[in-house]
Amino acid sequence: MGGEPTPFAERVLDLVASVPAGRVTTYGDVAELLGEGGPRAVGGVMARWGGGVTWWRVIRADGTPPLHKAGDAERRLRREGVRFVDGRVDLAATRWDGRPG
DNA sequence: AGTATGACGGTTA
DNA sequence: CTAACCGCCATAC
């Protein structure tokens with residue numbers, strides 16, 4: 001298959017892995033926090049190598065979980081204490097600020 | 001080097 | 001609410 005993650009991909013995966021439980025981030029936020037790439041580039045990385053990290057904490061900008069495994073993601077997030085409103089995550093309250101710790 | 005693709009984002013109709 | 005369109009950027013081939 002694809003092979004090993006590119007340097008960019010490793011940065012994406014590392015950032016995703018640092019999102020604390022009970023918090024979420026978006027594809028666009030990951031790109032902004034890294035200062036490189038874009039939402040689609042991040043999505044591409046998650047599609048190839050995201051299975052090895054806490055992929056369910058990376059959701060869309062509108063608060064909906066990843067489409068391919070929305071049910072699985074919502075179940076995991078709820079167990080972490082993430083509040084859902086009308087099928088969407090309350091980003092205003094749950095969005096990770098990128099701050100370590 | 002150029003085309004196609006995607007776990008996206010935002011705007012417009 | 002849905003649908004379509006364009007911009008975006010790393011990858012695959």
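Scope of the values below: all heavy atoms of this structure, side chains included, with no hydrogens, waters or symmetry mates. Sequence lines set the chain letters: A, B, ... in the order given, protein chains first and strands last, and positions in each chain run from 1. Just so we're clear, the structure is a prediction, and the values are computed from it rather than from any experiment.
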Residues which pass side-chain hydrogen bond (donor to acceptor under 3.5 Å, both in side chains) with [X], listed by chain and number, not counting sequence neighbours:
X        : value
Arg88(A) : none
Trp56(A) : Glu80(A)
Arg83(A) : none
Asp97(A) : Arg99(A)

Mark up nucleotides 6-13 of chain B, 5' to 3', with B wherever a protein heavy atom is under 4.0 angstrom from a base atom, S wherever such an atom reaches only the sugar-phosphate, and - elsewhere. BBBSS---
How would you list all residue pairs meeting side-chain hydrogen bond (donor to acceptor under 3.5 Å, both in side chains) that involve residues 8-25 of chain A, not counting sequence neighbours?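 Sorted pair list: Arg11(A)-Glu36(A).
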What's the CG-C1' distance between Asp86(A) and dC1(C), to the nearest Å? 11 Å
